[in-house]
Amino acid sequence: MLAVVFVHIAGVIVSSLLHRENLARAMVTGYKSGDPTGAIRGARWIVAALVVASVAALWTGVIPVTDTAPGASAMATSRPARHAEHDRRR
């Protein structure tokens, strides 16, 4: 995760240098200089509400997430069950 943070920061720096604009300031303030015709015309409240509702549903378990990664089911079990399974394999 720390590597992802460093890659993100490096990307912001490189993009700021290539486009000759302060991208970090634009991220904080929400304002960016540019051609007004290329801007978003209005807020996308419905899309934002759908994204927030989807994340909340996934986070609370309303929408179940299936384990697709190999070995994911072993990680999903409780700790004592994992230890018991490990002891049986010995």
Note: Ala24 and Val12 closest approach over all heavy atoms is N-CG1, 4.2 Å

May I ask whether Ile9 and Leu17 are part of the same hydrophobic cluster, defined by side-chain heavy atoms of I, L, V, M, F, W, Y residues being less than 4.5 angstrom apart, directly or through others? yes

Gap between atom CG of Leu50 and atom CZ of Arg44 - 0.5 Å precision: 13.0 Å

Atom of Ala26, atom of Lys32 and distance for their closest heavy-atom approach: CB-CB, 4.1 Å

Heavy atoms of Ala57 and Thr60 approach each other most closely as O-OG1, 3.5 Å

Side-chain donor/acceptor of Ser15 to backbone N/O of Gly11, under 3.5 Å: no

Do Val14 and Met27 share a hydrophobic cluster, counting only Ile, Leu, Val, Met, Phe, Trp and Tyr and linking them when any side-chain heavy atoms are less than 4.5 Å apart? no

Tell me whether Val65 is reachable from Ile63 by hopping between hydrophobic residues (I, L, V, M, F, W, Y) whose side-chain heavy atoms are closer than 4.5 Å. yes

Around Leu18, counting heavy atoms of other residues, nucleotides and ligands shown, do more than 12 lie under 6.0 Å from its CG? yes

Can you tell me if Ser16 uses its side chain to pair, donor with acceptor, with the backbone of Leu23 under 3.5 Å? yes

